[in-house]
Structure formats: C-alpha cells, structure tokens
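Here the structure comes first, spelled out in structure tokens, and everything after it is commentary.
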Amino acid sequence: MENTEIKRNIIRDKSFDFSVRIINLFKLLTSERKEFVLSKQLLRSATSIGANIEEGIASFSKKEFVVKLQISYKEAFEAYYWIKLLHKTEFINEAEFKSLEKDVEEIIKLLTTILKTTKQNINDTKKY
C-alpha cells in the first residue's frame, strides 16, 4: 500500500507481534528441539489470530467484523492449548511458557472486550 496509511491499533499490533514470536518459536522447535507436530498446530492457530483480525478490520459490516474476531478469539484459545501442551511435554521451558501465556491471555482479554463492545453497539443501533 503506497499512499494509504493503515491505522495502528493495539489488537492488530499485539496479534502481529505474537505471530512473529510464534514463527520464531516454530523455527526453534523444529530445528533445535526436533518437534514438528505440536509446533505446526501452534503455528497455524497463532498466526490465524492476526490474519482474522486483519480481515475483520477490512470488513464491510459490523456483523462481518464480529464474525472474524470471534474466529480470532477461538484461534487464540487453540493457540493457548498448544502452548500449554508444549510446556507440559517439556518442549518449552517455564520462562518461555509464562511469557507466551501472558501474551495470549492479553490477546484473549482484548478480543473479549472488543467483541462485547461491538455487539453492544450493534444491539444499541437496533433499538433506534
């Protein structure tokens, strides 16, 4: 996008940064720790969070926005599952787990707030 400036926002930035962290973790897990299955599942779900947020931002309606962010929300919970599983099976250590857990929980909280607010706005609009 040459002359079009994309508006910055917290959930977009945090989900993108989380995706970058997960991609780097995937590279580490596959090259050094020789884990290929769980890390691939985490890679797919974690990067899907930001991709669906981007699609939601580009939506043509509030309802479409909500649908895309609901997908992001579900993908965040799936990513959290894979992070916990990687930790319990000792592919990631306690420090790595706590850091990733903090990030994914923050994303889930932000998505929860955005979804509640947007749904309320949709319902308020219907009243008038």
Worksheet item: Given the rule that I, L, V, M, F, W and Y join up when any side-chain heavy atoms are under 4.5 Å apart, are V20 and I83 in one cluster?
Response: no

Item to complete: Can you tell me which residue pairs pass the side chain to side chain donor-acceptor pair (under 3.5 Å) test with a partner in residues 75-90, sequence neighbours excluded?
Response: E78-W82, Y80-E101, Y80-E105, H87-E94

Fill in: Gap separating the CZ atom of F97 from the CG atom of L85, nearest 0.5 angstrom
11.0 Å

Worksheet entry | Test item: L100 and L25 side chains (from C-beta on) under 4.5 Å apart, heavy atoms | yes

Worksheet, complete the sentence: So CD1 of I22 and CG of D103: to nearest 0.5 Å the spacing works out to 8.0 Å

Discussion item. List the residues meeting side chain to side chain contact (heavy atoms under 4.5 Å, CB included) with T30, not counting sequence neighbours, and say none if there are none.
Written reply: F26, F36, S39

Discussion item. Checking E54 against S15 for the side-chain contact (heavy atoms from CB on, under 4.5 Å) test, could you report, in this order, the C-alpha distance in whole Å, the side-chain angles of both residues, the deciding distance, and whether it holds?
Written reply: CA-CA 10 Å; E54 288 294 332; S15 63; over 6 Å; no

Item to complete: Hey, could you give me the CG/CD1 distance between L111 and I11, rounded to the nearest 0.5 Å?
Response: 4.0 Å

Worksheet item: To the nearest 0.5 Å, what is the distance between CG (L110) and OG (S72)?
Response: 12.0 Å

Practice prompt. Working to the nearest 0.5 Å, report the span between CG of L115 and CD of Q70.
Written response: 6.0 Å

Worksheet item: What residues form a side chain to side chain contact (heavy atoms under 4.5 Å, CB included) with I57, not counting sequence neighbours?
Response: N9, R12, I53

Discussion item. Distance check, rounded to the nearest 0.5 Å: F18 atom CZ versus I107 atom CD1?
Written reply: 5.0 Å

Worksheet item: Tell me, which pairs form a salt bridge (charged side-chain N to carboxylate O under 4.0 Å, His left out) where one or both residues lie in residues 35-49, sequence neighbours left out?
Response: none

Worksheet entry | With E106 via side chain to side chain donor-acceptor pair (under 3.5 Å) - residues at least two apart | K14

Discussion item. For T117, give me all partners under side chain to side chain contact (heavy atoms under 4.5 Å, CB included), at least two apart in sequence or on another chain.
Written reply: T113, N121

Item to complete: Taking side chain to side chain donor-acceptor pair (under 3.5 Å) as the test, write out the residues that go with E32, two or more places apart.
Response: none

Discussion item. I want to check something: taking the side chain as every heavy atom from C-beta on, are L69 and T118 in contact at a cut-off of under 4.5 Å?
Written reply: no

Discussion item. Tell me every residue that passes side chain to side chain donor-acceptor pair (under 3.5 Å) with D17, counting only those two or more places apart in sequence or in another chain.
Written reply: none

Discussion item. Whether R33 and E96 form a salt bridge (side-chain N of Lys/Arg under 4.0 Å from carboxylate O of Asp/Glu) is what I want to check.
Written reply: yes

Practice prompt. Please collect all salt bridge (charged side-chain N to carboxylate O under 4.0 Å, His left out) contacts where either partner lies in residues 111-120, sequence neighbours excluded, each pair once.
Written response: none

Worksheet entry | Pairing residues for S48 by the side chain to side chain donor-acceptor pair (under 3.5 Å) criterion, not counting sequence neighbours | N52

Worksheet item: Does anything in residues 55-66 pair up under salt bridge (charged side-chain N to carboxylate O under 4.0 Å, His left out), and if so which pairs, sequence neighbours excluded?
Response: E55-K68

Fill in: Other cluster members, V37 - Ile/Leu/Val/Met/Phe/Trp/Tyr, side-chain contacts below 4.5 Å
none

Practice prompt. Verify the cluster assignment for F16 and I10: are they in a single hydrophobic cluster under the rule of side-chain heavy atoms below 4.5 Å apart?
Written response: no

